[in-house]
Each structure stands twice: as C-alpha cells, then as structure tokens.
Amino acid sequence: MRRRPPPGLLLRPAAGLLLAGLAGLAGLVGAGVLTATAAWAAPPSTGSQDGSLIMVLDSSGSMAGPDGSGHTRIESARTAVGSVVDGLPDGYPTGLRVYGAGKAHGCDDTSLAQPVTALDRAAVKQAVAAVQPKGDTPTALALTKAAADLPASGRRTILLVSDGESNCGAPKPCQVAAGLAGDGLDLRIETVGFQVKGAARDELECIAKAGHGAYYDAPDAAALARQLVRASQLSADAYRMAGTPVTGGASAAKAAAVGPGQYTDTIGPGETRWYAVPLDAASTADLSATAVPQPGVPVDYGDGIELKLTTTGEYSFTCGSDSAHFGQDEGAMILTGAVSRVPTRDGKDDCDKAGRYLLSVHRTTAATSDTSRWPVELRFDNEAPLPKGTVPAAARTDYGTAPAPLAGTPKDRAGGTGFNDATPLTEGVWRDRLLPGQTRYYKVHVGWGQQLSYAAEFANEPVLDGGTSSASTFVQTAAYGPGRLQVGDASDARDNRPYSGTPVSVGLGTVPVTWTNRWVDESDAATVHTAGDYWIAVGLGPDAAQLARNTAVGVVLRVDVTGTELAGPQYQAPALASRGAEHGRQGAAGGDGKGAAGQGAAAAASASGGGLRGMDLVAAGTGGAVALAGIGTAALVHRLRSRTTRGGA
C-alpha cells in the first residue's frame with residue numbers, strides 16, 4: 001500500500017521548530033511524562049448532535065464457541081459492547097439489534113434488543129447480557145431492520161459485528177447494504193469481523209464497501225473491544241457541519257447565488273458545483289470549501305477537491321485557484337481548500353472590479369475509490385479595506401529564530417471535530433488522543449505582529465504482534481488562518497511524517513501577522529495577513545487501526561504565540577494593552593513588537609519581475625506615509641493567483 005506522501009515529498013530535512021520539538025519529545029519520553037500507556041484520558045466529547053448509532057450483533061450458534069481467551073465469543077462481545085457505551089457521549093442516540101438469538105433455526109430471527117434513543121448505558125448492557133446465541137445468521141434481514149430502527153434523517157451509522165457468513169441465501173447482505181446506504185450521504189455501514197477468515201471475511205468487507213463504511217478486523221477479544229470502540233466513537237465524533245443549506249449549480253449558467261456567510265452542500269464523484277458570489281472593488285474576499293467524506297473509506301492519491309474563482313462576462317479571468325488532495329490511499333480524511341480575491345493597490349487588475357464572480361468546486365475521484373457523496377461546508381468571508389489614509393505596517397516574510405520548545409506537564413484537552421467547534425487553546429502544552437482516521441481541531445488567537453509556532457508530538461505507541469507488526473501509517477497537520485486559508489510553513493518544519501509507533505513530530509511556524517503580507521509572493525506569508533483565530537488540525541492515518549494496540553494514540557501539542565500583539569495593522573501601531581501581558585512572549589521569533597511596525601519599505605520588485613518580495617518591503621527603513629508611497633504600482637499589481645494544497649489534516 002502506498003503511503004502519504006509520495007516518494008520525495010518527505011526528503012527535506014527537519015529544522016528549526018521541529019528539531020526543537022523532537023528534542024522536547026525525547027526529553028518527555030525519557031522522563032516518563034509522555035507514554036502511550038499513561039493512565040489518563042481526554043475529556044469526553046459531547047458528540048455530534050445530528051448522529052445516531054445502532055449496533056447489530058451476530059448471536060448465531062457459532063458465537064457460543066470459545067474465542068481462545070478463556071471465554072466464549074458472546075461473552076467477549078458483551079464486554080466489547082459495554083466498552084462502546086461507556087465511551088460514547090452522554091445522550092448520543094444508540095440502539096442494539098441482535099440476530100440468531102431467538103430460536104435454533106430460522107432466517108427471520110432478529111429482534112430489537114434496545115431501541116435507538118438517548119444513550120442509556122445500563123439498558124444496553126442489560127440487553128446484551130440477556131443475549132443467548134443459538135440460531136442461524138440472517139445478516140441481510142438484520143441490516144434491513146436496523147436501517148428502519150434508525151431515525152429518518154441525520155447522519156446514521158450501522159455497526160455490524162459478526163463471526164461468520166450469512167447462511168440464509170438471497171438477498172445477499174452485500175446487495176442489501178448497497179441498497180440501504182445509497183449515495184452514502186446519511187447512512188454508512190461499518191463491519192467488525194470477529195475471528196473471521198475466507199468467505200466470511202470477504203462478505204463483511206463487501207458489506208462495508210457497499211455501505212460506504214470501513215471494515216475492522218478483530219482476531220481476538222481485545223481487538224474486538226478496541227475496534228468496536230474506534231468505529232463507534234468515529235461516528236459520534238464526526239465533523240459538526242454548520243451553515244445554510246444550498247445546492248450548487250450543475251453549470252456556470254446555473255450557479256447558486258451566495259453572499260457572505262456559511263453554507264452546506266454535497267458533492268458526488270466527478271461532480272462540479274457552481275456558486276455565484278458578489279464582490280465589491282475594495283474588499284478582500286476569502287472563499288473556502290471543506291469536504292467531509294466518511295473517515296477511512298477507500299480513496300486514491302489524487303482524490304480531492306479543486307477550487308477556482310473566475311470573473312464573468314465576455315472574457316473569463318481566473319482570480320484564484322486551490323486544490324486539496326489526500327496524497328495517500330489509506331483512507332479518506334477531511335479536506336479544506338480556499339481561494340482569495342485580494343484587490344491590487346491601483347485597482348486596475350481584471351479581478352479588481354465589482355461584480356458577479358463564479359466559484360467552482362470540483363471533486364476528483366479514482367475508479368477504485370468510494371463513491372459516496374461528500375458533505376461540503378462552504379464559507380464566504382469579506383474583509384473590508386483599511387480606513388482611508390491608514391498606512392499599514394510593512395510586510396514580514398521572515399520567520400526568525402525558532403523559539404525554545406515550551407516545557408511543563410501537558411494538560412488534557414480534547415480537540416473539536418472541525419472548524420465550528422474547534423477547542424480554544426492558549427500558549428502552553430496540551431495533550432489529546434486521536435483515533436485512526438480522525439482529525440482534531442484547535443484554535444489559537446494570533447494578533448497583529450505575532451507568530452504562531454506549534455509541534456504535535458506522537459510518542460512511543462505499543463504496537464500489535466509484540467512490536468513486530470509491519471503496518472505503518474502517517475501523522476499530519478495543517479494550520480488555517482481567518483477565511484480558512486491554509487497557512488504555509490515558514491520554519492522548515494514538516495507537516496506530515498510516516499508513523500510506525502516510534503516518536504515523531506509534525507508542526508509549523510508562521511511569519512508575523514501583517515496586513516501587507518497579502519501582496520507578497522511567498523506562499524508561506526501571503527495567507528498570514530489577518531489577525532484573529534488561527535486553526536490547528538492534527539490527523540492520524542486510518543491504518544493506525546492495524547498498528548496501535550491502544551484504542552487511541554496519544555499526542556502532545558506545544559503551542560507558542562510569540563511577539564507582542566499590536567493594536568492594529570497600521571504603521572507604528574502601539575502594543576495592545578489588553579492582551580500584551582497574556583499573549584505571546586517578547587523577543588523570540590516575533591521580535592519585540594517593533595519589527596513589523598518600525599520597518600519602512602523600499603520601492604523594489606523581485607529581480608524576476610514576478611512580483612513583490614516581502615523583504616523588499618522592509619529593506620529601506622523609511623517611515624511614515626513614505627512606507628507605502630515608495631512602492632511601485634507595477635509591483636503591487638501582482639497577485640498570487642494559484643496554489644496547491646496537499647491533502648489537509
């Protein structure tokens with residue numbers, strides 16, 4: 001199996017922030033502070049409010065047999081179901097259906113042991129305790145009934161646990177799963193094979209694929225509990241969508257009109273959605289799309305979303321483009337892409353005019369990939385221009401010296417499911433757990449003149465097969481600024497690495513937040529042009545389910561905001577008194593607060609003629625209104641029109 005990223009993309013040596021982060025990670029491991037077996041747990045998630053889960057338990061005669069641990073298979077299944085309900089959020093709608101427990105023979109033998117209602121842990125445990133395996137295996141009928149047990153709408157999950165193949169003839173369970181799941185938008189079917197092989201395993205894998213879900217292999221009782229908990233918690237912790245429903249047009253001529261705000265839509269394989277957006281001649285417009293496929297379903301390297309913003313009229317000009325692809329084939333994870341329209345200083349560019357623009361979102365899908373529709377969250381942000389007469393501070397594209405890694409005992413903090421419920425963090429050391437295929441989100445305030453630096457550190461993790469497992473996966477991270485623009489790394493860090501259970505660190509560092517950065521060429525600085533909340537996303541590859549012995553993998557997040565926060569984007573802005581004492585450390589990478597505001601600008605464009613370099617803006621040391629007056633109009637006309645994002649965390 002190919003891994004993320006393709007060969008050659010991880011060859012750049014780590015430096016700066018990540019070297020410091022790895023040094024800190026090694027110190028924590030040596031001191032015993034960070035171990036995968038440490039007795040701690042992140043605070044429980046509240047779960048997604050629109051989700052529901054029903055477990056379907058095989059209770060046929062074979063479940064009465066021994067499982068090799070001194071218990072019968074049904075005894076181990078009871079324990080595993082108890083672990084599932086103990087780990088689910090309070091109130092999460094959960095039910096239990098069994099089949100093969102009512103009589104010795106019969107292909108109509110399935111019953112609802114616990115209705116899908118707000119989670120009643122005691123009731124589910126009592127229901128599964130009463131199950132006595134004895135009969136046949138009517139898997140297809142049980143799946144059909146389970147789908148009807150779930151609410152009529154919302155994100156619904158069937159979690160099937162079986163130790164064998166259906167013996168009830170037509171219809172085949174795989175065909176039934178495909179019919180129930182449909183386009184996979186609202187219903188998915190996950191399967192767990194308990195000590196299965198051959199035809200039984202093939203059938204369960206087929207059910208999961210047809211049901212737009214994932215298959216989990218459980219060769220023993222411990223694995224059964226682990227995989228059931230993983231699958232159920234991924235359902236409960238799914239991305240929390242928010243926004244006004246909208247249906248994008250099937251063509252440019254049928255584009256759906258959207259104004260500033262947040263929207264939800266869906267997109268199918270190979271489909272392009274079109275949206276018409278009104279832009280004025282002065283504001284910076286940021287338009288983003290976050291695609292939320294079912295975690296872990298089959299994907300290919302090139303699968304993802306591609307965004308383009310164009311003008312309308314007789315001639316169409318491309319004002320911005322972006323793409324976000326998985327870059328791996330382990331399984332689907334969340335993707336975000338964004339485009340910006342930044343007006344030039346003289347207002348004469350083809351994309352500066354007020355009027356109707358078109359945003360297209362295209363989904364690329366390989367023939368072997370899952371074909372379920374993806375929920376998509378769209379956001380349209382308008383940033384007003386600076387007040388007339390305001391001279392902004394000069395651009396800053398220098399990262400500077402990496403700050404020393406923060407020390408201290410990590411504090412437990414569970415990340416959010418996405419942008420809408422991201423967990424607020426301040427400067428400090430934090431600890432969380434990630435499930436295979438999961439991405440956690442955090443948000444950090446970064447003010448004018450400040451820099452964000454962080455490292456996500458994964459320590460030694462007990463692996464399967466006594467440490468001889470050949471399985472491997474990846475860890476990844478991404479940061480997003482206001483407008484959900486992905487931030488490039490300026491610190492020579494690495495945003496993804498292979499992971500096989502030994503310590504690794506991923507992260508990045510930004511340049512100082514400066515309004516004028518929006519006009520520079522450097523991709524790691526152009527998006528760092530607005531103060532506010534910056535998001536950190538940390539993800540663990542789906543194949544960790546074949547690697548890690550623990551249900552979730554521990555991660556320590558070291559978050560640092562350096563530099564004094566300034567009162568605004570203007571030249572020589574004073575320190576912001578209300579935040580200066582509590583946000584950022586003086587000196588380090590962000591300087592003393594005077595660097596961004598106290599630098600003048602030179603009238604210089606890059607030697608290549610391709611546009612303005614950030615350091616050109618800070619070279620002269622002139623002051624006052626001269627800071628921008630000396631910049632040539634031709635240099636400011638340049639706009640960074642396109643960028644490509646490898647699959648976001």
Side-chain angles (χ1 to χ4, degrees), residues 14-21 24 392-406 424-430 442-456 477-483 485-495 505-520 522-537 557-571 573-576 579-599 614-615 617-618:
L17 169 69
L18 262 293
L19 287 179
R396 288 287 300 277
T397 62
D398 55 312
Y399 175 69
T401 303
L406 294 176
L425 296 180
T426 57
E427 175 186 298
V429 185
W430 311 95
Y442 317 84
K443 64 181 179 181
V444 182
H445 176 83
V446 186
W448 295 111
Q450 292 187 308
Q451 296 175 257
L452 170 66
S453 299
Y454 73 89
T477 188
Y480 302 89
L485 302 173
Q486 184 161 350
V487 175
D489 174 61
S491 67
D492 282 331
R494 286 162 74 162
D495 61 3
S505 179
V506 292
L508 62 77
T510 74
V511 300
V513 178
T514 310
W515 194 91
T516 320
N517 279 353
R518 68 194 64 213
W519 282 329
V520 303
E522 288 89 333
S523 60
D524 56 9
T527 57
V528 188
H529 62 240
T530 305
D533 285 336
Y534 280 65
W535 287 273
I536 297 171
L557 194 62
R558 300 180 188 276
V559 178
D560 207 353
V561 179
T562 52
T564 300
E565 182 173 6
L566 306 178
Q570 68 271 24
Y571 174 73
L576 183 63
R579 288 184 180 269
E582 57 186 87
H583 284 272
R585 297 188 306 193
Q586 301 262 351
D592 61 1
K594 299 178 182 178
Q599 298 289 344
M615 293 310 296
L617 290 174
V618 299

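- By the ring-ring contact (aromatic ring centres under 6.0 Å, His included) test, Trp515 pairs with Trp519, sequence neighbours left out.
- To the nearest 0.5 angstrom, Ile536 atom CD1 is 7.5 Å from Leu508 atom CG.
- With a 4.5 Å cut-off on side-chain heavy atoms, Leu557 and Leu425 count as touching.
- A distance-only check finds no donor-acceptor pair linking the side chain of Arg558 to the backbone of Pro405 [under 3.5 Å].
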**OP:** Let me see the working for Glu427 and Asp560 under side chain to side chain contact (heavy atoms under 4.5 Å, CB included), right down to the final yes or no.
**Re:** CA-CA 5 Å; Glu427 175 186 298; Asp560 207 353; 3.1 Å; yes
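- A distance-only check finds a donor-acceptor pair linking the side chain of Asn517 to the backbone of Pro512 [under 3.5 Å].
- When all heavy atoms of Leu485 and His529 are compared, the closest pair comes out as CD1-CE1, 3.8 Å.
- The CD atom of Gln451 sits 7.0 Å away from the CG atom of Asp398 when rounded to the nearest 0.5 Å.
- The two residues Ala455 and Ser505 come nearest to each other via the heavy atoms CB-OG, 3.7 Å.
- The shortest non-hydrogen separation linking Gly449 to Leu566 is CA-CD1, 4.2 Å.
- Residues passing the side chain to side chain donor-acceptor pair (under 3.5 Å) test with Tyr534: none are found, sequence neighbours excluded.
- Side chain of Thr477 to main chain of Gly507: no donor-acceptor pair is present (N/O by atom type, distance under 3.5 Å, no hydrogens or angles).
- Minimum interatomic distance between Tyr399 and Thr510 (heavy atoms only, all atoms of both residues): CD1-O, 3.4 Å.
- Across every non-hydrogen atom of Thr564 and Ala575, the tightest pair is CG2-CB, 3.6 Å.
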